[in-house]
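Structure record follows, encoded as structure tokens.
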Amino acid sequence: MNPFHRLHLEGRHHNKLRATDILRLTSAHSLQSHESCAEEELIQTFIQKLLMMNYRARYIKTNETNEESNNEQGSYDSLRQDSEDFFSNVLSVSNEEICKSERIHPMDVQMAAFHCADGFLKQLMVTKLSPCQYALPLLVPDPDTQQIEFPLWTFRQINKSWKMKNTNNETISQTHPIYKAQTPMVFFFRFGSVSSSKSQLMNSLINEKHNTFFHRNCPGSSRTRVLMDGVVEIAWFCPSGSDDDKFTDCVAFCNLHGDAGDHEKQLQILSEMSSVNVVQLSQVDKNDKSMIKLDQLYKDSKPLICLFTEDEYTLKKMKKGKFKIGLKDRNQSDVSEELRRIINDCLSESSSTFRLEDVSKHSDIRVDEEDDDDCRRGRAAAQQMMSLLEKKDLTEIKESFLPHQGKEMNTDTGDKIYFIKWLGILLDEYISADLSDLHHKCNEKWSMVLKMKENYDEPEKLTAEQAELERISEKRQAAAFGVEHIMREVGQIYESCSSVNKNKKDLQFDFSSLPSLAAEMMISGFPLELMDGDAAHVPVIWISAVLDELIQKLGDQRVFVLSVLGIQSSGKSTMLNAMFGLQFAVSAGRCTRGAFMQMVRLSDEMKTQINFDYILVVDTEGLRALELAGRSTRHHDNELATFVVGLANLTLINIFGENPSEMQDILQIVVQAFLRMKKVRLNPRCVFVHQNVSDVTAGEKNMEGRRRLLQTLDEMTKLAAEEEDYDAECFSDVIDFDVQNDVKYFAQLWEGSPPMAPPNPKYCENIQELKKTIMSHTSKSHGIMQIDLKDRIKDLWEALLKERFVFRKLETEYSKWSWSLRSAMMETENKLHIQSKELPLKLKDKVNDEETLKKEFELFWEQSVNRIVSDTSPIRDIDIMRDVRDILSDIYESAPVDHIKENSEFTKIFTVSSYCEYIHFKKSTKKTVREVVKGAYRKVQKTFGYSRTLSPKKEAEIKSLITDVEQQTEKMIQLFNISKMGYNISCIQKITGYIKNRVTEHQKGVKYEFKKEFFIDLVLSIFKRANKMITDQHRLFKEANDPAIYVEKKRDEYYSIFQKYCHIATPAPIFGEIICQKLKEPIEQSVYKKTARYLAGEMKTNCESLNGNRSKLEKHILKTLAEEEDFDKYMNYINYPRDHFKSFIRDEVSRYITDKFSVTDFKMKKNIKLLQQKIMKAAHKSTQYVQENRGDVGLWLKRFTRELSGVLIFSEKDLSGVKHDDVDDLKLLEDVIRDKLPAIISDIISRFNTKTFPVKLDSKFRPDELLIEHFSQCCWVQCPFCKTVCTNSIENHHGDHSVAFHRSIGLNGICYHNTSNLSTHICTSAVANRTHPNEDFHPNASDYKVLCREYRRAGEDYANWSITPDLSELPYWKWFVCRFQKDLEKYHKKTFEGEGEIPDEWRKYSKQEVIESLDKYM
């Protein structure tokens, strides 16, 4: 039966299926994942699955319609009759009945769709078949005329990548348009009917885990196959560069379906073009016509392999290049291995290559490109355009393009779309070789730079390699040239012409027709650039004109805007392409930058359901590209993120893996940007997509991760809201976000290892689920009309420009007045500069009297500075503890004076043994009889001097609260980044408020309340510890921002300028000296940071206590504690180990800097000299560049700051207010910098000492903080018995906590039940007590009793610990108990008596012995 009829495709040979029809979103096919469907829906379902790159598209089942399935309840007689009919009529079933009952062959579905598709849909289908790792149609007979077609057009957008080893055994990467690739080709065909599957055998050669070629044993296969006879399919094996590759080079495999004797033309073409021919046959009659062809192939010099399906023998070599293999009753893997080896041997001796494009040279076949008039005309026009590249430079290409484009306007839509497609294909082909080469060089250089950074022995060479990397990267960026660049130029020309509209008569063409072309492109499915990534610019006039044209052509349609943001190479474009069948560029290289929009049409049925006409998809470049991770790129990325989120109704935040931390800084900017956009009222939504999640249950397992993410985002929102004086309490107040439903997890994209792996079907299912989520969001949104979208783009861009965002992370954003302060400083500097020039004119008669000049300048300086600075308030010094006390006094007017006065011992809250004095127990209003009795008992106790105490569990909970509050407030202080923002009392207020909330929250679930003193002492203790850090950071801020200090630092700089003007110096020396002065601070900061990193590295190598892991560090801490014999420090170590570690590291760093300063000083000098060389190299390269490009001082400065961008934090803005337009001698400028820079360097070196080094650095860059960060990334959970810290090196690790040596549980205040006798038990020995195996303990001093050996039953804190029965004990803590017995008894208010009496054996250890024992045991 005709498959076209069964598939409802009659008439589609002439009225072709169009890509634009297929790409519409429909509820039936776009939102449902069909595993089966009706026959008439097979085509649509197949294509939709294929567009999603779901290789299961070939395995769609048809719904069963047989009535027999409804007749299963018949009688026994009818069943017997049926069986008789079955056996009696088994031979009388007609072929027609068989055909009717059989399902349509999956390959007939594919080929029917292929035959009935227009050129664009055919190309789209083949482009999607390729990543599915399916064979592609190469020669296709027409089902009616049997005319053979070569669909070359369908291959034009396919690139293949592979890796191979060169003669030096180095792995090299190759990427080629597949129609141009020159590879060996192996041709498989058969004569007659054979018993084994040729296609299945070919699959085992290429990819045994995937059915590249469909064969008889595939799911859904049937006996009747109508449209595949005579079809030749092609597939490529692409090696990965590994040792287990099946073939070492890329190899093409062609497969002729059907009997080759019936398809002589295909046989002739492919056997001539192949490198190796493989024929499968059973037995051949000598008189058979196929024998004639076999004889020709046998006599030909080309290798021939004959596979005999009815023979059993193994490999036989008949003569050179001619082989026989028997297949009967043989293991297929053995046959495959044998065949692969022969093919490899044959290919190694053959130089024959196959190029797909050359198939078109054969006569008597139809080439689709040449047969289609639109395609042919489009190609001719594109080739005419390409001819410009051979004759003119880039500027002339752009100038020539526009008149040509005007001529193209009069052709029909088909020509235009083919023209644009061809232009893209030819441009890619033109630049692909150079671009691939540059990409390879860039990767090689990047790898080299990374290795050199790890071994920083050759800084000069590293600098040279980094410069070379940047040069290659720039060259690669410049080499990228595609249709999008041409359209960008068209847009720019349109905007330029629009701005001179009054002089329209001078233009040679009607530029107003340009937006019409762009609109037609969008309607036809091409993306249009929305934001120019290179210039970080939105061409509002051009975009508005294109949207106006869209409205003219389509009417004012309602659209839902969907944008996507993601780190570079996180799979966002692949996701969009799979979701909507789009063709956004997917590449590992970063060439085109910015944002692109593309329209997805909805079916009429969908329009009625969600009230939209189109989804406007906005794809963005990858953010945070490694090779472009400079300051300007971060600025650009943040601006791009803000723009596309503001534009969208819904934004997909795409993350590679399960950790969203790398996107949080982007979201911080987005939140703050929206809070600032008061004019543009927006309420966007976002969905997180975690790509490449291997565990399918990650969604359930990551609930805690979701909670932490939301908590972080909420905190960030609060900080931003306070900064912007905006009412927002949580993340969802700014961005509509449901953490339960708007976080999605995607499986890995590939099912196996690329380049031969097909897409993972699970990934396709995840795409389908995400699509449903998106559509559920559309149902809740009103979207936006196109005419309003135009206004939104304009408003958003204006808001961005108006705000002039200083795009940094939230924590580095300047406080509200800082910009006005900086502006005032620049204005001040400008005034001083001008006055420094004016004064010499009045003193021209005294230029040789240096003393007079000095006095005149000093007088002028004092007057000028006083006049300028008087308008600006100075930045005051701060007193943190005074502000804290003032705030506490406001909160507690009746608070005890002792707790707020200056000399109060409030810091005891960190070392106190019990928190009983800080709490009072809540009184219950309703009491049970038991509670009444308890109350009476307590009154009696109180009468005799006993007081109610907290259980150890409650004590531990309060201590945990204090520890966590301290850690969280430390993070908050770091987020304030006071060195950049300055100190404000609101910092104290925020932290105090946070502590108050935590204390209040803690009280809700307990039977006690904190006294006022607890909160007051906690606040005072935390700020006492943070006082120095905050004060130091504010001092740095003041030095950088106080007008009086700032101007005073400029005195020498401006006296020098004054002298130059007095001696009538040319502008170049003056500007050169100013540049040197401006470089002083960045040089100092750069060198100090680099020296700090060096020092941290040196200490990790050479400092005895810091050159190992945390365990070694702890050993040194214990030695130091023993030598100092300070009980308070011991208790700080036991109760707050993390805090003690930090203090110890800070002391070690301070001591190391003092003792080894000469080494540090030497390294600093080496760093600064290297930096001096880089600055001079940048100046020299800038001068050369300007001379080559005939530029001016402005270009020199732009180039100079760019050369230094990876070396110093220095930009053109640092020279704002300094006039330099009149500088014309750039060689002199370079010489002045070379002459003056050494003095700046010497001054920095002279001021470098042990005191200035730490305080000149922001705290996060100091060596002690770097080392603390290094040693703190581990587990800090303490044993519930003895408080020893878990030794696992991973924080929040899986599995039990453990430690090598425990200590006496009496150190934790644990005593024997119903006594005040401190226990001398050690955890491991208690668990291993074989003498008293039934020894028990009472968890947290409760009445509940647990056997020591069954300690895990005591609760969660105990269950998570692995305490192994072990009688080995550390002498150190036995000595400690004996040495500090009285102190411990006083601290815990208990004694080592009775059952807890200290064993005599413990008292034999000396301090020296236990210190030495640490080296033995730890």
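None of the values given here were measured: they were computed from a predicted structure.
Side chains of Lys744 and Thr773: a donor on one and an acceptor on the other come within 3.5 Å. A donor-acceptor contact closer than 3.5 angstrom links the side chains of Arg58 and Gln110.
With hydrogens and angles ignored, the 3.5 Å screen pairs a side-chain donor or acceptor of Ser779 with a backbone N or O of Ser776. With hydrogens and angles ignored, the 3.5 Å screen pairs a side-chain donor or acceptor of Asn649 with a backbone N or O of Val561. The backbone N or O of Trp422 lies less than 3.5 Å from no partner atom in the side chain of Arg379, so there is not a single donor-acceptor pair. Of the possible polar contacts, none joining the His777 side chain to the Cys686 backbone as a donor-acceptor pair under 3.5 Å is found. For the pair Trp797 (side chain) and Val540 (backbone), a donor-acceptor distance under 3.5 Å is absent. The closest donor-acceptor contact from the side chain of Asn760 to the backbone of Ala747 lies at 3.5 Å or more, if one exists at all. Using modelled atom types, no side-chain atom of Gln157 and backbone atom of Ile425 make a donor-acceptor pair closer than 3.5 Å. With hydrogens and angles disregarded, no donor-acceptor distance shorter than 3.5 Å links the side chain of Gln557 to the backbone of Phe612.
Interatomic distance, Gln786 CD to Leu554 CG, rounded to the nearest 0.5 Å: 6.5 Å. Interatomic distance, Thr651 OG1 to Arg685 CZ, rounded to the nearest 0.5 Å: 11.5 Å. Once rounded to the nearest 0.5 Å, the distance linking CZ of Phe155 with OH of Tyr179 reads 12.5 Å. The CG atom of Leu129 sits 9.0 Å away from atom CZ of Phe114, with the distance rounded to the nearest 0.5 Å. Between the SG atom in Cys375 and the CH2 atom in Trp153 there is a gap of 5.0 Å [rounded to 0.5 Å]. Here CG of Leu136 is found 6.0 Å from CH2 of Trp236. Values are rounded to the nearest 0.5 Å.
Between Arg56 and Glu765, some side-chain heavy-atom pair lies under the 4.5 Å cut-off. The shortest distance between side-chain heavy atoms of Glu520 and Phe526 does not fall below 4.5 Å. Within the 4.5 Å cutoff, side-chain heavy atoms of Phe419 are placed close to those of Met385. In this structure the side chain of Met531 never reaches within 4.5 angstrom of the side chain of Val618, judged on heavy atoms. The shortest distance between side-chain heavy atoms of Gln123 and Lys421 falls below 4.5 Å. With contacts defined as side-chain heavy-atom distances shorter than 4.5 Å, the pair Ile767/Met53 does not qualify. Here the side chains of Leu647 and Met597 are not in contact, with every heavy-atom distance at 4.5 Å or above. The closest side-chain heavy-atom distance from Ile774 to Met579 is below 4.5 Å.
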(request) Check step by step if side-chain contact (heavy atoms from CB on, under 4.5 Å) holds for Asp428 and Asn159. (result) CA-CA 10 Å; Asp428 286 346; Asn159 290 311; 5.9 Å; no
(request) Applying side-chain contact (heavy atoms from CB on, under 4.5 Å), run through Ile793 and Leu547 and close with a yes or a no. (result) CA-CA 11 Å; Ile793 292 170; Leu547 290 174; 4.0 Å; yes
(request) Step by step, work out the side-chain contact (heavy atoms from CB on, under 4.5 Å) result for Leu17 and Ile43. (result) CA-CA 10 Å; Leu17 289 169; Ile43 292 293; 4.1 Å; yes
(request) Determine, stepwise, if the pair Ser240 / Lys163 fulfils side-chain contact (heavy atoms from CB on, under 4.5 Å). (result) CA-CA 5 Å; Ser240 62; Lys163 293 180 180 179; 5.6 Å; no
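Closest heavy-atom contact between Leu426 and Ala382: CD1-CB, 3.8 Å. Between Tyr55 and Pro758, the shortest heavy-atom contact is CD2-CB, 3.8 Å. Shown here for Ala757 and Trp750, the closest heavy-atom pair between the two residues is O-CE3, 3.3 Å. Nearest heavy atoms, Ser161 versus Pro755: O-CB, 3.6 Å.
Checked against side-chain hydrogen bond (donor to acceptor under 3.5 Å, both in side chains), Tyr134 has no partners two or more places apart in sequence or in another chain.
Ring planes of Tyr763 and Phe746: perpendicular class, angle over 60° (limits at 30 and 60°).
For the side chain to side chain donor-acceptor pair (under 3.5 Å) with Ser573, the qualifying choice from Asp619, Thr620, Asn654 is Asp619, the only one to do so.
Within 6.0 Å of NZ on Lys160 lie more than 12 heavy atoms contributed by other residues, nucleotides or ligands. Lys553 NZ: more than 12 foreign heavy atoms inside a 6.0 Å radius.
Figure legend: cation-pi geometry between Arg18 and Phe120 absent, as NZ or CZ is not positioned both under 6.0 Å from the six-membered ring centre and within 45° of its axis.
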